Amino acid sequence: MPELPEVETYVRALKPLLQGKTILSANVRWPRIIAAPDAARFADLIRGRRFASFARRGKYILLGLDSEETLIIHLRMTGQLRLHGTARAGPDLAETRPDKHTHVVFELDSDEELRFRDTRKFGRIWLVENTETVVGKLGPEPLEAAFVPQTLAQALTGRKANVKSLLLNQTLLAGVGNIYADESLFHAGIDPRRPGGSLSFQEIESLHRALRKVLRAGIEAQGSSLQDYAPPTGAKGGFQEQFQVFRRGGEPCFRCNTPVTRTVLAQRSTHYCSACQK
DNA sequence: ATATCTGCCTGCTCGC
DNA sequence: TGCGAGCAGGCAGATA
């Protein structure tokens with residue numbers, strides 16, 4: 001499940017692969033993937049556009065074009081973007097043919113095509129003039145300088161929902177998903193079931209520090225490689241090797257040997273150490 | 001306003 | 001081996 005570090009890795013990888021290349025056509029094989037405008041208009045508008053800028057906001061990939069428009073892609077759970085050769089593919093053409101999970105194919109002017117592949121079809125693609133119509137409701141970027149403990153305090157104070165659910169709320173904080181929420185709460189020593197409003201300012205500072213540390217480490221490791229995540233270059237990230245609690249239910253905590261607890265919060269699997277996290 | 005639930009999807013695992 | 005049930009989960013939209 002691509003979260004902030006995985007999406008950041010994606011954007012960094014896409015830039016040298018796509019910069020300056022022009023989209024000759026877009027073949028939409030599963031129209032529901034295109035969130036806006038409708039699939040036919042999308043294909044019409046994107047024809048002839050050139051990739052000009054590359055950015056990330058939360059878990060969204062923002063590909064600025066040489067027009068007033070931005071191509072926005074959200075990978076959700078199982079979305080992937082891969083660049084494939086076409087004319088240069090030669091004898092391996094059969095191997096490079098889009099499979100049944102490839103829902104959008106962008107033909108480029110470089111004898112290549114950019115494919116959006118998504119087994120579970122949760123991913124979405126937009127083409128918009130104003131990015132705010134898509135990402136406008138997102139909360140602050142946790143790695144920007146403007147994100148200080150007071151920002152996090154503002155998101156948590158007065159809240160009765162558990163802190164794990166609040167960390168997953170993209171309108172409060174952008175980019176944190178299930179992996180980095182569980183890992184950050186472990187590093188901060190905070191029980192994920194605690195009501196957001198029950199955290200002391202000292203605990204909020206600790207959580208703020210943990211979030212930034214874990215997200216930076218995730219980017220440094222080029223993300224986590226789980227079953228469905230595949231970056232455009234094929235190079236796999238290694239942050240899963242640093243997991244302290246995520247998907248380690250029943251296994252001993254690396255710090256204290258207490259078996260890691262697995263429970264469900266906000267309908268999502270949640271992992272924590274009952275001894276280390278209070 | 002906030003909190004919680006449902007639907008979207010497919011592949012995989014599990015039990016019979 | 002076959003098959004259905006349950007599960008994984010980000011986010012929009014609905015409901016409480």
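Everything numeric in this text was worked out from a predicted model, so none of it was measured.
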Do the side-chain N and O atoms of [X] and [Y] include a donor-acceptor pair separated by under 3.5 angstrom?
| X | Y | result |
| --- | --- | --- |
| A:Lys137 | A:Thr171 | no |
| A:Tyr180 | A:Glu6 | yes |
| A:Glu112 | A:Ser110 | yes |
| A:Tyr272 | A:Arg193 | yes |
| A:Thr131 | A:Tyr60 | no |
| A:Thr9 | A:Gln222 | no |
| A:Asp118 | A:His103 | no |
| A:Ser165 | A:Asn162 | yes |

Salt-bridge test for A:Asp99 and A:Arg117: reply yes if a basic N is under 4.0 Å from a carboxylate O, no otherwise.
->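 Answer for the salt bridge query: yes.
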Looking at [X], I'd like to know whether one of its side-chain N or O atoms comes within less than 4.0 Å of OP1 or OP2 on [N].
| X | N | answer |
| --- | --- | --- |
| A:Lys59 | C:dC11 | yes |
| A:His74 | C:dC11 | yes |
| A:Gln170 | C:dC11 | yes |

Can you check the [X] [atom1] to [N] [atom2] distance for me, whole Å?
| X | N | atom1 | atom2 | result |
| --- | --- | --- | --- | --- |
| A:Ile125 | C:dC11 | CD1 | C1' | 16 Å |
| A:Asn169 | C:dG10 | CG | P | 12 Å |
| A:Arg247 | C:dC7 | CZ | C1' | 11 Å |
| A:Ile61 | C:dC11 | CD1 | P | 13 Å |
| A:Arg268 | C:dA8 | CZ | P | 12 Å |
| A:Leu167 | C:dG10 | CG | C1' | 15 Å |
| A:Arg262 | C:dA8 | CZ | P | 5 Å |

Please list, pair by pair, any protein nitrogen or oxygen found under 3.5 Å from a nitrogen or oxygen in nucleotides 3-6 of chain C.
none

When the aromatic ring centroids of A:His74 and A:Phe122 are compared, is their separation below 6.0 Å?
->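 Centroid distance A:His74-A:Phe122: not below 6.0 Å, so no.
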What distance separates A:Leu265 CG from A:Gln267 CD, expressed to the nearest 0.5 Å?
->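 Separation between the atoms: 10.0 Å.
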Bend across the helix from B:dT2-C:dA16 to B:dC16-C:dG2, to 10°, with axes taken over 5 pairs at each end?
->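 The end-segment axes of the helix from B:dT2-C:dA16 to B:dC16-C:dG2 are tilted 50° relative to each other.
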Letter per nucleotide, 5' to 3', of nucleotides 3-13 of chain B [B base touched, S only sugar-phosphate touched, - untouched; heavy atoms, 4.0 Å] | S-BB-BBBS--
